[in-house]
Amino acid sequence: MKKSLTNPIFKIISAVAEEQKVTAFVVGGFVRDFLLNRVSDDPDIDIVVVGNGIEIARKVVKAIKKNIKLSIFKNFGTAMFQYEDFEIEFVGARKESYRRNSRKPIVENGTIEDDQKRRDFTINAMAISLNKDSYGEFIDPFNGKKDLKKKVIRTPLEPDKTFSDDPLRMLRAIRFATQLNFTIVPETLDSITKNSERIKIVSKERILTELNKIILADKPSKGFKLLEQTGLLSYIFPDLEKLKGVETIDGKQHKDNFYHTIKVLDNISKKTENLWLRWAAILHDIAKPQTKKFIPGQGWTFHAHDFIGSRMVPRIFRELKLPLNDKMKYVQKLVLLHLRPISVAQEGVTDSAIRRLLFDAGDDIEDLMTLSEADITSKNEQKIRSYLENFQKVRQKLKEIEEKDAVKNFQPPVSGEEIMKAFNIMPSKEIGIIKNAIKEAILEGIIGNSFEEAYEFMLIKGREIGLKTSEKPKIVRQKSEIQNRKAKGKKE
Ligand code: CTP
């Protein structure tokens with residue numbers, strides 16, 4: 001395994017360990033990802049020292065002879081620093097369970113094998129020696145390498161024990177199975193189902209980290225199916241669980257919205273790495289259970305699920321500890337608008353419908369189109385083809401209209417001040433009325449999106465609602481000019 005140790009940091013650690021007469025090993029994700037030939041998103045290197053991990057980390061930082069900041073977490077017995085692209089974390093080998101976020105202080109020191117058996121999965125419990133006489137030697141007491149080959153997730157100890165040490169590991173098992181497309185062995189999976197309720201004691205922040213990693217996988221539906229199947233979903237994300245199930249009345253059945261949603265999530269994951277767009281896919285139909293109604297003669301309806309769903313987003317974000325910022329607003333907006341491209345495609349691609357869509361979606365129009373396209377999960381090939389063709393038309397028209405009318409980032413072409421000046425009025429509701437009328441006229445295509453046409457329209461609209469101005473709209477001006485000319489002609 002020497003070829004895994006190309007990074008110069010390993011030689012430095014090895015020399016320090018030798019000098020301090022302790023043994024040190026690389027463990028966990030680094031070893032796993034090396035064997036998988038996998039580039040991790042957050043590369044870190046975990047070093048286990050049979051001895052005092054913090055002490056060795058201090059000495060290693062000194063030996064690097066660069067200005068490196070060492071962060072020490074006394075309670076966890078860990079220390080870490082940034083070295084090039086890597087976060088290097090040191091910990092003393094321990095007899096008790098490894099828990100990065102545990103608040104319990106570490107008491108008992110152990111051997112490397114003690115340490116390995118208290119880790120989460122066999123594929124994460126492999127180590128490589130950094131010691132002079134065994135440098136590069138592979139230490140794999142639980143056959144992690146074999147499990148990597150077999151593509152399975154298995155706990156090193158009896159699973160109930162491993163999961164009771166840290167119930168978050170149940171979610172981690174599903175996360176790794178999803179990311180790596182591995183299978184969780186039956187014994188481990190049964191234990192997750194049995195212990196699922198224990199996830200309640202884990203902090204929401206830690207749960208969210210794993211959930212987001214599942215969502216960012218190539219095929220997230222795998223993870224969501226496992227979450228549902230093991231019972232974890234009902235504890236960590238009950239709103240999504242509620243989408244499950246079908247009902248039949250008068251021989252009419254609606255689709256299972258849980259499976260539909262995770263299919264949409266898979267579809268969108270082929271098109272984007274944007275976590276928030278993926279969240280929009282997860283939440284697009286979230287209000288279907290609340291809005292479900294059977295109307296005789298019509299069938300199942302989910303009236304206003306787009307609107308009600310977007311109103312549910314802030315509560316869900318708060319409960320899951322997602323950020324309550326512009327990302328949330330973006331998800332809300334996409335949930336609210338998710339049906340619009342489909343209805344535009346179905347009801348005819350008119351210029352004004354396209355202008356309204358551009359106006360409402362703004363810069364997020366592309367993402368909205370991506371979401372809407374992913375929402376087509378029909379099994380009928382013919383139907384899918386016709387939808388996609390219509391979407392092509394919508395996209396084409398969006399381009400044309402935006403080039404012509406520039407309504408995507410609509411700015412009122414006439415300002416409030418200009419309206420006040422033209423009619424010599426103070427701030428009042430009339431300004432809002434006129435501004436809105438101008439916007440509507442542009443979106444409907446009555447006038448173009450330019451200052452001249454909007455100003456003209458303002459003069460007409462103002463008069464209509466009883467405002468007075470000395471300026472005359474062009475049409476009126478033209479008329480009076482003709483009259484003037486006529487009068488002049490008579491005189492002459
Ligand atoms: N670990 C564990 N139990 C946990 C968390 C972590 O046993 N609840 C151990 C595993 O051996 C894991 C190592 O700590 O490999 C490092 O954890 P972490 O950095 O969270 O995960 P990685 O395996 O490095 O994977 P990734 O980088 O994809 O998160």
Side-chain angles (χ1 to χ4, degrees), residues 271-272 274 276-277 280 306-307 310 326-375 388-423 427 429-465 469 471 473-475 477-478:
K271 306 273 177 194
T272 179
N274 176 351
W276 306 106
L277 186 48
D306 43 355
F307 174 69
S310 83
D326 56 321
K327 306 293 182 211
M328 180 189 85
K329 294 230 168 77
Y330 163 87
V331 172
Q332 259 192 303
K333 179 176 170 184
L334 290 178
V335 173
L336 178 67
L337 298 177
H338 80 270
L339 297 174
R340 290 276 298 278
I342 300 182
S343 76
V344 170
Q346 275 171 343
E347 284 157 24
V349 193
T350 65
D351 285 14
S352 59
I354 292 283
R355 266 191 296 267
R356 284 190 184 278
L357 186 58
L358 276 166
F359 175 78
D360 290 333
D363 280 336
D364 302 315
I365 184 70
E366 248 321 300
D367 291 352
L368 179 63
M369 291 299 289
T370 309
L371 174 61
S372 240
E373 230 162 40
D375 199 7
L388 293 180
E389 271 167 24
N390 279 342
F391 263 84
Q392 267 323 97
K393 276 189 216 147
V394 176
R395 280 181 195 275
Q396 181 55 33
K397 199 85 183 161
L398 280 167
K399 223 173 125 215
E400 277 169 34
I401 296 282
E402 181 56 20
E403 271 165 20
K404 186 157 70 79
D405 298 336
V407 282
K408 197 160 83 179
N409 291 308
F410 184 83
Q411 294 293 336
V414 177
S415 71
E417 277 93 72
E418 280 159 333
I419 299 173
M420 290 196 284
K421 210 170 134 212
F423 295 105
K429 72 170 194 297
E430 279 76 14
I431 298 160
I433 295 172
I434 293 175
K435 275 182 121 176
N436 194 47
I438 294 174
K439 183 197 90 188
E440 285 295 316
I442 293 172
L443 294 179
E444 280 307 311
I446 296 165
I447 58 170
N449 187 7
S450 71
F451 175 78
E452 289 72 28
E453 288 183 60
Y455 198 86
E456 193 69 20
F457 185 82
M458 169 201 79
L459 293 175
I460 297 168
K461 188 73 201 172
R463 283 169 174 240
E464 234 176 75
I465 60 172
T469 174
E471 290 182 66
K474 221 189 224 155
I475 313 159
R477 243 183 356 242
Q478 275 169 352

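Computed from a prediction, not measured in an experiment: that's the story for all the values here.
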In short, Ile342 meets Ser372 closest at the heavy-atom pair CG1-OG, 3.7 Å
From the list Arg356, Arg355, Lys439, salt bridge (charged side-chain N to carboxylate O under 4.0 Å, His left out) with Glu444 holds only for Arg356
* Do other residues, nucleotides or ligands put more than 12 heavy atoms under 6.0 Å from the NZ atom of Lys399? -> no
Review point. Given Gln396 and Val349, is the side chain to side chain contact (heavy atoms under 4.5 Å, CB included) satisfied, shown in steps?
Key: CA-CA 10 Å; Gln396 181 55 33; Val349 193; over 6 Å; no
Exercise for the section: Would you mind reporting whether Pro413 and Ile442 have side-chain heavy atoms less than 4.5 Å apart? Expected result: yes
What one should report as the nearest heavy-atom pair of Glu373 and Phe391 is OE2-CB, 3.5 Å
When rounded to the nearest 0.5 Å, the distance separating CG of Leu443 from CG of Asp405 is 9.0 Å
Taken to the nearest 0.5 Å, the spacing of Glu440 CD from Ile447 CD1 works out to 11.0 Å
In terms of heavy-atom contacts, Ala361 and Leu368 come closest through CB-CD2, 4.0 Å
- Query: Side chains of Ile438 and Pro412: closer than 4.5 Å at any heavy-atom pair?
  - Reply: no
>> I'd like to know if the side chain of Lys435 reaches the main chain of Ser415, judged simply by a donor and an acceptor atom lying under 3.5 Å from each other, with no hydrogens or angles considered.
In response: no
Checklist entry - Around atom NZ of Lys408, are there more than 12 heavy atoms of other residues, nucleotides or ligands at under 6.0 Å? => result yes
(Q) So that I can tick it off, tell me whether Glu418 and Lys421 are bridged by a salt bridge, with the cut-off set at under 4.0 angstrom between side-chain N and carboxylate O. (A) no
I'd like to know if the side chain of Glu471 and the backbone of Ala422 have a donor-acceptor N/O pair within less than 3.5 Å.
no
I'd like to know if the side chain of Glu453 and the backbone of Gly448 have a donor-acceptor N/O pair within less than 3.5 Å. yes
So CG of Leu337 and CZ of Phe307: to nearest 0.5 Å the spacing works out to 12.0 Å
| said: Counting C-beta onward and ignoring hydrogens, is there a side-chain heavy-atom pair between Ile465 and Ile434 closer than 4.5 Å? | reply: yes
Query raised in the report: So Lys393 and Asn390, side chain to side chain contact (heavy atoms under 4.5 Å, CB included) or not? Walk me through it.
Result: CA-CA 5 Å; Lys393 276 189 216 147; Asn390 279 342; 3.5 Å; yes
Here the gap from Ile365 atom CD1 to Arg340 atom CZ, rounded to the nearest 0.5 Å, amounts to 8.5 Å
Original post:
Is there side-chain contact between Leu398 and Met369, with at least one heavy-atom pair below 4.5 Å?
Top reply: yes
Test item: Asn449 side-chain N/O and Ala406 main-chain N/O as donor-acceptor pair under 3.5 Å: yes
- Would you call Asn274 and Tyr330 a side-chain contact if the rule is heavy atoms closer than 4.5 Å? yes
Between the CZ atom in Phe451 and the CD atom in Glu456, the distance rounded to the nearest 0.5 Å is 10.5 Å
Output for pair (Ile419 CD1, Leu459 CG), nearest 0.5 Å, gives 10.0 Å
Check your understanding: Does a side-chain heavy-atom distance below 4.5 Å link Val394 with Ile354?
Key -> yes
Exactly one of Asp363, Asp364, Asp326, Asp360 clears salt bridge (charged side-chain N to carboxylate O under 4.0 Å, His left out) with Lys333, and that residue is Asp364
Side chain to side chain contact (heavy atoms under 4.5 Å, CB included) between Glu430 and Phe423, intermediate numbers included:
CA-CA 10 Å; Glu430 279 76 14; Phe423 295 105; over 6 Å; no
Tightest non-hydrogen contact, residues Val414 and Tyr455, listed as CG2-N, 3.7 Å
